[in-house]
Amino acid sequence: MDTQLSEAAIARVRGVNLSEFPTDLYVPPEALRVFLDSFEGPLDLLLYLIRKHDFDILEISVSKVTDQYLQYINLMDHLDIYLAGEYLAMAATLAAIKSRMLLPLVATEDDEEDDPRAEIVRRLREFERIKRAAETLDEMPRLEREYFPAFATSRAPENQPLPEVDMRALMSAFSDVLLRARYREHHEMTPEVLSVSERMADILARVASAKRFVPFVALFELQEGRLGVVVTFLAITQLLQLGRVNVVQRGSFAPLYVTAAGCE
Amino acid sequence: MNKLALGEVVEAMLIGSGEAVSIDQMRRAIVDVGEIEGGVAKLNERIGKVIKELQAACDGRPFELFDTAAGFRYVTRAQYAPFISSLKGQKPPTYSRATLETLAVIAWRQPVTRGDIEQIRGVRLNSSILRALLDRDWIRITGHKETPGRPALYATTRAFLDNFGLKSLDELPDADELLTDRVQEGLLK
Amino acid sequence: MNKLALGEVVEAMLIGSGEAVSIDQMRRAIVDVGEIEGGVAKLNERIGKVIKELQAACDGRPFELFDTAAGFRYVTRAQYAPFISSLKGQKPPTYSRATLETLAVIAWRQPVTRGDIEQIRGVRLNSSILRALLDRDWIRITGHKETPGRPALYATTRAFLDNFGLKSLDELPDADELLTDRVQEGLLK
């Protein structure tokens with residue numbers, strides 16, 4: 001099992017095999033790119049991180065996995081690697097779960113039901129099932145790869161009818177192609193890239209220029225949609241982690257304010 | 001025309017058609033042509049018996065008689081595949097992880113919408129993947145889900161089963177058994 | 001991999017390749033793959049001997065091993081032809097969606113390369129599709145594009161126009177109108 005996982009993550013950079021992602025920040029950007037390319041999305045990356053931790057999955061803490069995940073996302077962002085919205089959305093989900101785990105929630109009778117991890121765990125399990133299923137499928141012998149149809153030419157007189165095609169069928173086929181091509185144009189436009197590091201700079205500038213506190217909610221631009229909110233949220237948490245801003249709150253459930261560090 | 005022995009007729013149909021053939025299809029062809037020793041009484045049963053004999057006769061031969069969802073088909077045994085590939089001068093197509101995972105979701109969770117596939121895999125699905133699988137005739141649209149937008153529902157085809165040598169979807173391994181023990185036991189705790 | 005007996009390898013290649021194969025082609029495939037009992041010395045001679053044995057083994061079987069100009073191939077004996085025809089006649093032959101779309105792209109966008117077709121359809125194109133259309137004499141290669149690799153350019157033929165009752169390509173319906181009709185159709189539903 002473990003050999004298989006490390007194999008999956010192997011990247012070759014400048015002729016050197018990377019069997020594991022280096023933990024320090026000194027990583028050639030192309031290594032990261034290869035690394036990211038080898039994942040089929042955020043669930044895959046998350047699963048890899050959980051596995052890589054090698055410790056007992058029984059003791060897995062969402063907090064650790066979330067920190068790791070955010071580190072990777074952050075690193076990739078610094079290196080200006082385009083991150084799909086799915087990766088950022090997952091980061092936000094994890095951050096939300098982490099914060100819920102930290103909050104002293106009112107204890108409920110049924111812990112299982114209210115475990116904020118339940119949903120993500122369910123998704124990870126389903127994803128892993130499908131991942132294994134895909135591997136199984138690929139290993140299953142199939143026609144034209146392991147098996148070839150064994151057949152003798154029929155001695156039948158060569159008057160086998162050929163397929164008939166009429167104009168209507170041809171037109172319908174072509175309009176299908178055109179419709180699909182048009183659909184692709186609409187849906188495969190690259191979305192505008194929102195960069196977490198850029199957002200961090202914006203927020204820092206705003207907070208520094210403000211005389212006192214900036215309301216936390218004022219930093220979000222709702223018209224940027226969910227992705228924009230996620231990016232802003234990530235940027236604030238990053239700044240917080242780096243000690244560049246402080247978030248203050250006067251009491252439980254009171255509004256949050258953001259200030260530049262050392263300005264209080 | 002002399003009457004022909006059923007055994008040879010069935011063998012000729014199996015090896016001469018180049019495709020999977022069901023007992024029913026063979027029975028219809030025999031009734032259609034006639035000229036068979038012993039007439040057409042209890043044909044299905046008799047064809048079934050011939051097939052058993054033919055399967056046994058493959059012992060020690062470089063080919064075998066497969067029983068899949070689409071019918072019976074002679075195929076060469078796996079160890080000879082490299083020679084035939086080399087002769088044909090073309091490598092069998094390989095499929096990307098994204099394609100295989102998409103196919104796996106459809107095979108194990110059918111019928112599913114594109115949204116279901118995206119939800120399970122956690123990433124956007126490139127249309128060309130579904131297109132390629134439809135093209136390959138491994139999946140088909142079985143209907144539309146009665147939700148806004150009426151998204152298409154995808155399922156696997158008989159050709160899919162035939163290609164993977166399966167008689168029915170029940171022969172796919174159980175998805176839960178594919179999970180590693182660690183995830184199975186650990187994650188929820 | 002264990003070494004395989006030459007007899008079975010040759011038999012597998014003959015029955016599994018789907019077309020006539022020459023002794024030379026088989027020798028090359030065997031040298032290419034290796035793993036043959038007795039090594040590759042005097043292969044042509046040994047393959048020739050195996051073929052004689054296989055031909056003798058067809059005695060009393062519903063098929064025989066024919067020596068044609070293109071090479072050797074298994075052929076079912078004439079008396080079984082009606083059964084196989086009847087079997088095939090049960091399903092009227094049709095072209096796949098992929099074949100129809102390929103033909104349509106060539107018709108409306110000619111001359112096009114294989115790459116153009118793949119780009120417009122958004123899927124990889126299986127070579128057998130172009131071959132089937134070339135065989136049918138509905139398309140032909142009109143030249144080569146002056147880009148790296150000099151890919152072949154495909155266009156439709158006179159026979160294509162005849163089949164669809166067209167005097168010239170100008171009579172093909174306008175592509176934009178086709179699309180507008182379809183979109184309107186969709187909106188009306």
Closest non-hydrogen atom pair, [X] against [Y]:
{"X": "B:Ile120", "Y": "A:Leu43", "value": "O-CD1, 3.4 Å"}
{"X": "A:Pro42", "Y": "B:Gly122", "value": "CD-O, 3.4 Å"}
{"X": "B:Glu101", "Y": "A:Lys131", "value": "OE2-CG, 4.0 Å"}
{"X": "B:Ala98", "Y": "A:Glu40", "value": "CB-OE1, 3.6 Å"}
{"X": "A:Ala150", "Y": "B:Ile15", "value": "O-CG1, 3.9 Å"}
{"X": "B:Ser85", "Y": "A:Phe148", "value": "OG-CZ, 3.6 Å"}

Task: Side-chain heavy atoms of B:Lys88 within contact of A:Glu144, under 4.5 Å - done: yes

- [ ] Spell out, as yes or no, whether a donor-acceptor pair under 3.5 Å connects the side chain of A:Glu146 to the backbone of B:Arg77.
- [x] no

Task: B:Glu64 versus chain A, the contacting section by heavy-atom distance below 4.5 Å - done: side chain

Open item on the list: For a side-chain contact (heavy atoms from CB on, under 4.5 Å) check, start with the C-alpha distance between A:Asp44 and B:Arg97, then their side-chain angles and the critical distance, and finish with the verdict.
Closed with: CA-CA 12 Å; A:Asp44 202 20; B:Arg97 250 193 82 187; 2.9 Å; yes

Open item on the list: Is A:Pro149 in contact with chain B via its backbone, its side chain, both, or neither, using a 4.5 Å heavy-atom distance?
Closed with: both

How long is the straight-line distance from [atom2] of [Y] back to [atom1] of [X], given to the nearest 0.5 Å?
{"X": "B:Leu100", "Y": "A:Ile130", "atom1": "CG", "atom2": "CD1", "value": "12.0 Å"}
{"X": "A:Arg142", "Y": "B:Asp162", "atom1": "CZ", "atom2": "CG", "value": "13.5 Å"}
{"X": "A:Arg132", "Y": "B:Asp176", "atom1": "CZ", "atom2": "CG", "value": "13.5 Å"}

With chain A as the partner, which of [options] has the greatest number of non-hydrogen pairs under 4.5 Å?
{"options": "B:Ala12, B:Ala81, B:Pro173, B:Ala20", "value": "B:Ala81"}
{"options": "B:Phe164, B:Phe66, B:Tyr74", "value": "B:Phe164"}
{"options": "B:Gly165, B:Ala107, B:Ala104", "value": "B:Ala104"}

Donor-acceptor pairs are to be reported for all side-chain atoms of residues 25-34 of chain B against protein atoms at under 3.5 Å, with residues two or more places apart or in another chain.
from	atom 1	to	atom 2	distance (Å)
B:Gln25	OE1	B:Ser22	N	2.9
B:Gln25	OE1	B:Ser22	OG	3.4
B:Arg27	NE	B:Asn44	OD1	3.0
B:Arg27	NH2	B:Asp24	OD1	3.3
B:Asp32	OD2	C:Ser86	OG	2.7

- [ ] Show your working on side-chain contact (heavy atoms from CB on, under 4.5 Å) between B:Phe160 and A:Leu137 and close with a plain yes or no.
- [x] CA-CA 11 Å; B:Phe160 163 80; A:Leu137 211 52; 4.1 Å; yes

Open item on the list: Run the salt bridge (Lys or Arg N to Asp or Glu O under 4.0 Å) test against B:Arg109 and tell me which residues pass, sequence neighbours left out.
Closed with: A:Glu126

Pairs under 3.5 angstrom only: tabulate donor-acceptor contacts from the side chains of residues 132-141 of chain B to other protein residues two or more places apart or in another chain.
from	atom 1	to	atom 2	distance (Å)
B:Asp135	OD1	C:Arg121	NH2	2.9
B:Asp135	OD2	C:Arg121	NH2	3.3
B:Arg136	NE	B:Tyr95	OH	2.9

TODO: Decide side-chain contact (heavy atoms from CB on, under 4.5 Å) for A:Tyr147 and B:Arg73; before the verdict, give the C-alpha distance in whole Å, the side-chain angles of both, and the deciding distance to 0.1 Å.
DONE: CA-CA 11 Å; A:Tyr147 303 127; B:Arg73 180 206 279 275; over 6 Å; no

Task: Over 12 foreign heavy atoms within 6.0 Å of CD, A:Glu164 - done: no

Task: Interface residues of residues 54-62 of chain B facing chain A - non-hydrogen atoms under 4.5 Å apart - done: none

